[in-house]
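The structure appears below as structure tokens.
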Amino acid sequence: MRRAYLLGVLAFLYIPVLVLVAYSFNDSRFALAWEGFTLDWYLGVFRDPQIGRALRNTLVVSSLSTVISVVLGTALAIGFHFGRFRGKALLDGGVYLPILVPDVIQGVGLLSFFALVGFPLGLGSIILAHVSFQISFVALLVRARLDAFPRSLVEAARDLGAGPLQALAKIVLPLAAPGIVAGALMAFTLSVDDFLIAYFTAGPGASTLPIRIYSMIRRGVTPEVNALATLLLVFSLATISASVLLTRSPEEGVKAR
Amino acid sequence: MTGAGRGTGRSGVLGGGGFVAWTVGPAAVALVFLFLLPLAILAGYAVLTTGEQGEPILPFTLVSLTRALDPLYLGILARSLRLSLETTAICLLLGLPLAWILRGMRGRARSLALLAVILPSWTNLLVKNYAWIVLLRQEGVVNSLLVRLGLVSEPLPLLFNEGAVLAGLVHTFLPFMVLPLYASFEKLDPALLEAARDLGAGGWERFRRVIVPLSAPGIGAGVTLVFVPALGAVVTPDLLGGARGMMIGNLIQNQMLLTQDWPFGSALAVALTIASLVVIILALGPGRRGERVELL
């Protein structure tokens, strides 16, 4: 009974996507029946110059925004963990809002902001837009990691004569490293996956991979879209598995207490 | 960051007054300029007049805000609310038993089942919605099966209606309901459930009077994580609902990008922001950081 329920819900979650993956290997453009195995649709995806351009744009946006947000988010988490300042409680709540507020609001808000200050829409504006929500995720993961080891380690280092920068470089950053890497992977995945915020802040011409996929979907179901969707699926699952493995690795560096 | 480094005392283990300014400062500036300021701009535009090209101009007016209550748009607002409430209710009904089953599992089976529930939440939204188009369209998988089995003579119009949007939303958000529910259930003390049973409480009564009150934070988190993004959905109603499944997010998108009536688009965005913030604050509240970390 319990097993049947569990399998039923998992079937609902997985079957639609698995059907799509299966069709991406089906050797027929129109038939719904299985006509044999092919990789033609994947070759078509790799040969499409527009997809290639969109992929390059996505890689530029995602890697640059990830680097920026990892630096800012990690610094924020460290300052938050060790510092005491006015407005901390307010910032504590506020920093989570970009995770929760719907994308469409952030998208139109950023579009209005860029238009108002005269910032040209393109890859640069998408990068800034992505940084605005990536910071929160990075800070969240790094803080969770910092919370897991005792503060006394840093105090001990300082008592033993380490300067603040030395303590930061030799104690804090190494201990926070798994959280930083997990945050980077999550920020990168979120950026690669984002359609809506990029759609609002891209302007004409700067198409990312999800924007390209969206316009292909709107034009109809084709085996090439099936293949492209499958590739995106594999990518997301690979990076997020890496992130999960890093945050839950058994060798936890220094165990709390 | 006024007051940075003040009253540090023992907290200044990593340096003096400049520490907070250098660590928290840059990210705080980024969040103010790229998150708060855009929201403030929308709030400002919402009370400005629409110019010739749809640009916001003076004087201040409430025209855009009241225009949202026009019957033309009220139907779309009502549908948004209905669809996100239905999505939340279905996710809760499906998710409660699922999370309870996960709680009862042990060892490797539980880890695998949890992973199986988490993985779809990291599948790209476009991919998930596209999968439903493949299934539900006129020449889609479901229709061709139905026709081949002789259950229907003509393909059914399964796509481009509220039902398709609902299927897509539940499919997208179910994992976000299950995970916080599971996190709460896992912390339940089995002794309390046993005590309730010993005192004569039946299954329903144990659920209603012990499990639900003790899991309230998880239920609140799950409801927020499903209701808020469902209310703000754009892609799913666009791809699966078409004109008959339009939600407030699509209306905002149209006003900002097609019609280019920025004050009206901003007014709708402000309404959506307020609705989202009210739900977030009611359900998550301040000072529950521990739970928020678990949401990921």
Side-chain angles (χ1 to χ4, degrees), chain A residues 2 5-6 9-10 13 16-17 19-20 23 32 72-73 75-76 78-80 82-86 91-93 95-96 98 100-105 108-113 116 128 131-132 135 140 144 154-155 158 164 167-168 193 195-196 210 213-214 217 221 225 229 232-233 236-237 240, chain B residues 1-4 7-8 11 13-15 19-20 23-24 26-28 30-31 34-35 37-39 41-42 45 94 97-98 101 113 116 119-120 122-124 126-128 130-135 137 141 144 174 228-229 232 234-235 239 249 252 256 265 269 272-273 276 280 286 292-293 296:
Chain A
R2 284 171 166 234
Y5 185 85
L6 178 66
V9 175
L10 290 180
L13 287 176
V17 177
V19 166
L20 151 71
Y23 277 120
L32 283 163
L72 294 181
L76 176 65
I78 291 173
F80 230 107
F82 294 103
R84 226 183 266 164
F85 52 93
R86 208 189 298 167
L91 190 60
D92 187 18
V95 82
Y96 295 94
L100 294 166
V101 166
D103 287 1
V104 62
I105 298 170
V108 295
L110 285 159
L111 171 63
S112 307
F113 169 71
L116 186 69
L128 289 179
V131 166
S132 75
I135 288 179
L140 194 72
V154 180
E155 281 161 10
R158 296 283 279 128
L168 190 68
D193 268 347
F195 160 71
L196 200 58
I213 293 176
Y214 174 78
I217 292 177
V221 173
V225 186
L232 196 59
L233 183 73
S236 309
L237 296 186
I240 219 58
Chain B
M1 287 288 97
T2 53
T8 39
S11 76
V13 283
L14 280 176
F19 171 68
V20 170
T23 51
V24 178
L31 286 174
L34 296 173
F35 184 74
L37 191 59
L39 291 185
I41 293 172
L42 290 180
Y45 284 180
L94 284 175
L98 183 62
I101 289 169
L119 274 188
W122 287 102
T123 307
N124 186 288
L126 292 169
V127 173
K128 278 190 281 198
Y130 175 68
W132 284 95
I133 299 180
V134 173
L135 286 182
R137 71 195 169 120
V141 178
S144 61
L174 182 59
V228 171
V234 173
V235 174
L239 292 180
I252 296 173
M256 298 302 283
L272 178 58
T273 309
S276 306
I280 291 168
R292 269 178 262 159
V293 171
L296 282 178

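Labels below follow one simple rule: chain letters A, B, ... track the order of the sequence lines, proteins then strands, and each chain is numbered from 1. Any value given below was found using the heavy atoms of this structure, including those in side chains, with hydrogens, waters and symmetry copies removed.
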- Message: Report which part of B/L42 has an atom under 4.5 Å of a heavy atom belonging to chain A: side chain, backbone, both, or neither.
- Response: side chain

- Which heavy atom in A/L110 sits nearest to a heavy atom in B/L34, and how many Å separate them? CD2-O, 3.3 Å

- Message: Between A/V101 and B/S276, is there a side-chain heavy-atom distance shorter than 4.5 Å?
- Response: no

- Item | Taking every non-hydrogen atom, the tightest pair across A/L100 and B/V228 | O-CG1, 3.4 Å

- Query: Contact part of B/L98 toward chain A, heavy-atom cut-off under 4.5 Å: side chain, backbone, both or neither?
  - Reply: both

- From CA spacing to verdict: side-chain contact (heavy atoms from CB on, under 4.5 Å), A/F113, B/L39: CA-CA 9 Å; A/F113 169 71; B/L39 291 185; over 6 Å; no

- Item | Among the listed options A/P210, A/G73, A/S112, A/S236, the residue most often paired with chain B at heavy-atom distances under 4.5 Å | A/S112

- Query: If you look at every heavy atom in B/W122 and A/D193, which pair is closest and at what distance?
  - Reply: O-OD2, 4.1 Å

- Query: Closest approach of B/T23 and A/G79, non-hydrogen atoms and distance?
  - Reply: OG1-CA, 3.1 Å

- Query: Which bit of B/L135 is near chain A, if near means a heavy-atom gap under 4.5 Å: side chain, backbone, both or neither?
  - Reply: side chain

- Message: Less than 4.5 Å to any heavy atom of chain A: does that hold for the side chain of B/L37, its backbone, both, or neither?
- Response: side chain

- Note on the structure: With sequence neighbours left out, the residues meeting side chain to side chain donor-acceptor pair (under 3.5 Å) with B/Y130 are A/N226

- Item | side chain to side chain contact (heavy atoms under 4.5 Å, CB included) partners of A/P98, counting only residues at least two apart | A/Q106, A/F133, A/S136, B/L31, B/F35

- Query: Heavy atoms, side chains only, cut-off 4.5 Å: are A/V108 and B/Y45 in contact?
  - Reply: no

- Value rounded to 0.5 Å, distance of OH in A/Y96 from CD1 in B/I280: 14.0 Å

